[in-house]
Novice: 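Got a structure here, written out as structure tokens. Questions coming.
Everything numeric here is computed off the predicted structure, so don't read it as measured data.
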Amino acid sequence: MPTGLVIGRFMPPTMGHQYLLDFAHGWCGEELTIVVCAKRGDPISAVDRFAAIKEAYPDADVVLLEHDLPDALEGHPDFWTDWRRTLQRATGRDRFGFVFASDAYGARLAQEFEAQFVPVNIGRRAIQISATIVRQAIFDNWAYVMPTFRSRFVARVAVVGPESCGKTELCRDLAKHFQTEWCPEWARMFLEAEGNRYPVDSDYPLIAKAHAIAEDALAKQATRVLISDTDAVCTQIAAERLNNFADPFVDRLVRERRYDLRLVMGDDVPYAADPLRYGIDKRQFSTSEFEQAYRDLGAPFITIRGDWAARFTQAVTAIRQVLGEKAASVAA
């Protein structure tokens with residue numbers, strides 16, 4: 001197969017980029033080299049951009065190039081030589097057979113490698129979008145974001161707190177409102193399938209792992225925000241309080257899992273017993289326990305109280321704020 005090169009910032013990876021990369025991959029297969037360029041201060045994580053491209057093209061040689069080279073020719077007489085040498089060092093290749101690009105620079109870069117320039121979507125004739133336009137309003141342009149990057153940028157919101165505070169109902173309502181997916185509490189499905197039994201020590205790491213996997217799988221299908229019913233902190237608190245049990249795997253997930261926001265449900269609503277709840281006529285957990293856990297983690301959360309309508313309104317307002325702040329963080 002012929003060797004090919006594509007370079008870009010992919011900030012963020014868009015459907016235009018996917019078209020370019022699909023074209024180049026169709027031409028070169030596993031002999032394609034994709035260079036993800038990054039600079040200090042980029043508003044979108046270079047690691048996430050690299051991971052998204054690598055997931056989409058696992059057999060290609062995907063290289064993350066962190067550099068301080070100029071982006072413009074003016075005032076830099078050695079511009080093309082410096083770029084060629086840097087790319088040669090980063091890729092381990094002196095020459096490429098083909099250079100694929102959607103902009104005119106591709107022709108000049110191809111000359112440096114004594115390669116054939118292959119134009120793809122010049123002038124955005126096919127996919128009429130650019131990363132700059134997407135970045136200026138990323139959630140409004142969500143359909144133009146490459147699918148493997150969406151799961152890495154989607155806002156993640158967990159609805160957490162004591163039992164019988166309406167977490168599941170709120171998750172359903174929020175998912176419907178934001179026209180997205182929500183992740184049900186895996187522990188409940190598992191224990192119901194086990195005959196409505198209470199959890200034993202060995203269940204807790206299984207529950208934490210399965211719920212995390214479910215979240216990551218649903219994040220690939222979510223639109224702008226993923227709503228999750230509980231998190232690893234809920235599992236950790238239940239294990240410690242109900243079974244006097246601590247597990248290092250659960251503790252690690254508590255530290256590593258990241259959410260843009262937790263909505264901690266207030267315990268100011270009537271309690272309703274069910275077969276999986278320990279309390280006969282009262283809760284076993286309190287809102288304050290969860291609040292303290294998230295303070296200790298330094299994790300963002302708000303507590304929502306009041307009747308069901310008030311809780312829904314508070315949650316929607318908070319999620320809209322998260323989406324606005326997340327979009328603004330990459331719009332530069």
Novice: For residues Leu32 and Ala24, report the shortest heavy-atom separation together with the two atoms involved.
Specialist: CD1-CB, 3.8 Å
Novice: Which heavy atom of Cys165 sits nearest a heavy atom of Val269, and at what distance?
Specialist: CA-CG2, 4.0 Å
Novice: I'd like to know if Arg124 and Asp103 make a salt bridge, using a cut-off of under 4.0 Å between side-chain N and carboxylate O.
Specialist: yes
Novice: Check this for me: Gln179, atom CD, are more than 12 non-hydrogen atoms of other residues, nucleotides or ligands nearer than 6.0 Å?
Specialist: no
Novice: Do Glu66 and Arg40 meet the salt-bridge criterion of a basic N to acidic O distance under 4.0 Å?
Specialist: no
Novice: Do Asp296 and Gln292 have a side chain donor and acceptor closer than 3.5 Å?
Specialist: yes
Novice: Within the structure provided, determine whether Phe312 and His177 are in side-chain contact (heavy-atom separation under 4.5 Å).
Specialist: yes
Novice: Check Glu55 with Lys220, please: is the shortest side-chain N to carboxylate O separation under 4.0 Å?
Specialist: yes
Novice: Check which hydrophobic residues are tied to Leu218 through side-chain heavy-atom contacts below 4.5 Å, counting indirect links as well, and list them.
Specialist: Leu226
Novice: Donor-acceptor pair, Arg150 side chain versus Val145 backbone, under 3.5 Å?
Specialist: yes
Novice: Let me see the working for Ile227 and Ile319 under side-chain contact (heavy atoms from CB on, under 4.5 Å), right down to the final yes or no.
Specialist: CA-CA 10 Å; Ile227 313 296; Ile319 292 172; 3.8 Å; yes
Novice: Might you work through the side-chain hydrogen bond (donor to acceptor under 3.5 Å, both in side chains) test for Thr168 and Glu185, ending with a clear yes or no?
Specialist: CA-CA 8 Å; Thr168 300; Glu185 180 187 9; 5.1 Å; no
Novice: Is there side-chain contact between Thr33 and Thr3, with at least one heavy-atom pair below 4.5 Å?
Specialist: no
Novice: Distance-only, no hydrogens or angles: does the Ser102 side chain make a donor-acceptor pair with backbone N or O of Val120 under 3.5 Å?
Specialist: yes
Novice: Could you walk me through whether Phe117 and Leu109 pass the side-chain contact (heavy atoms from CB on, under 4.5 Å) check?
Specialist: CA-CA 8 Å; Phe117 172 49; Leu109 183 61; over 6 Å; no
Novice: Got Arg305 and Thr287 here, is their nearest side-chain heavy-atom distance under 4.5 Å?
Specialist: yes
Novice: Quick one: salt bridge (Lys or Arg N to Asp or Glu O under 4.0 Å) pairs with a partner in residues 4-24, sequence neighbours left out?
Specialist: Arg9-Asp42
Novice: Which pair of heavy atoms, one from Thr230 and one from Glu215, lies closest together, and at what distance?
Specialist: O-OE2, 3.8 Å
Novice: Are Phe178 and Thr223 close enough that some pair of their side-chain heavy atoms sits under 4.5 Å apart?
Specialist: no
Novice: Is there a side-chain contact between His67 and Trp83, using heavy atoms and a 4.5 Å cut-off?
Specialist: yes
Novice: Which pairs, with at least one residue in residues 124-148 and sequence neighbours excluded, count as a ring pair (Phe, Tyr, Trp, His ring centres under 6.0 Å)?
Specialist: Phe139-Trp142, Phe139-Phe153
Novice: By the rule that ILVMFWY residues connect when side-chain heavy atoms come within less than 4.5 angstrom, directly or transitively, which residues belong alongside Leu253?
Specialist: Phe249
Novice: Has Arg108 got a side-chain atom pairing as donor or acceptor with Ala104's backbone, closer than 3.5 angstrom?
Specialist: no
Novice: Restricting to salt bridge (Lys or Arg N to Asp or Glu O under 4.0 Å), what partner residues turn up for Asp216, sequence neighbours left out?
Specialist: Arg156, Arg257
Novice: Using modelled atom types and a 3.5 Å cut-off, is there a donor and acceptor pairing between side-chain atoms of Asn121 and backbone atoms of Tyr19?
Specialist: no
Novice: Does any part of the side chain of Val63, heavy atoms only, come nearer than 4.5 Å to the side chain of Val36, both counted from C-beta?
Specialist: no
Novice: Can you confirm whether Tyr204 sits close enough to Pro199 that some side-chain heavy atom of one is under 4.5 Å from a side-chain heavy atom of the other?
Specialist: yes
Novice: Can you name the nearest heavy-atom pair linking Pro13 to Arg49, along with the distance?
Specialist: CD-CG, 4.1 Å
Novice: Salt-bridge test for Asp268 and Arg311: reply yes if a basic N is under 4.0 Å from a carboxylate O, no otherwise.
Specialist: yes
Novice: Not counting sequence neighbours, which residues clear salt bridge (Lys or Arg N to Asp or Glu O under 4.0 Å) with Arg172? List them please.
Specialist: none
Novice: Between Ala101 and Ile122, which heavy-atom pair has the shortest distance, and what is it?
Specialist: O-CD1, 4.0 Å
Novice: Using the test ring pair (Phe, Tyr, Trp, His ring centres under 6.0 Å), find all partners of Tyr57 that sit at least two apart in sequence or belong to another chain.
Specialist: His25
Novice: Apply salt bridge (Lys or Arg N to Asp or Glu O under 4.0 Å) to Lys176 and list each qualifying residue two or more places apart in sequence or on a separate chain.
Specialist: none
Novice: Sequence neighbours excluded, which residues qualify as salt bridge (Lys or Arg N to Asp or Glu O under 4.0 Å) partners of Arg85?
Specialist: none
Novice: Which Ile, Leu, Val, Met, Phe, Trp or Tyr residues join Tyr259 in one cluster when any pair of side-chain heavy atoms under 4.5 Å counts as a link?
Specialist: none
Novice: Give a yes or no answer on whether the side chain of Asp203 reaches the backbone of Val200 with a donor-acceptor pair at less than 3.5 Å.
Specialist: yes
Novice: Mind jotting down which residue pairs meet the salt bridge (Lys or Arg N to Asp or Glu O under 4.0 Å) criterion with at least one end in residues 226-237? Sequence neighbours excluded, please.
Specialist: Asp231-Arg262
Novice: Taking the side chain as C-beta and beyond, is there a heavy-atom pair between Lys54 and Ile34 under 4.5 Å?
Specialist: no
Novice: Could you check whether Lys326 pairs with Asp260 (Lys NZ or Arg NE/NH1/NH2 to Asp/Glu carboxylate O, under 4.0 Å)?
Specialist: yes
Novice: Can you check whether Ala90's main-chain N or O pairs, donor with acceptor, with Arg93's side chain at less than 3.5 Å?
Specialist: no
Novice: Evaluate the side-chain contact (heavy atoms from CB on, under 4.5 Å) criterion for residues Val118 and Trp27: first the C-alpha distance (whole Å), next the side-chain angles of each, then the deciding distance (0.1 Å), finally the verdict.
Specialist: CA-CA 10 Å; Val118 181; Trp27 194 297; 3.9 Å; yes
Novice: Closest heavy-atom contact between Ser286 and Pro162?
Specialist: C-CG, 3.5 Å
Novice: Going by the rule side-chain hydrogen bond (donor to acceptor under 3.5 Å, both in side chains), which residues pair with Gln18 if we only count those two or more places apart in sequence or in a different chain?
Specialist: none
Novice: For the side chain of Thr180 and the backbone of Ala175, is there at least one donor-acceptor N/O pair under 3.5 Å apart?
Specialist: no
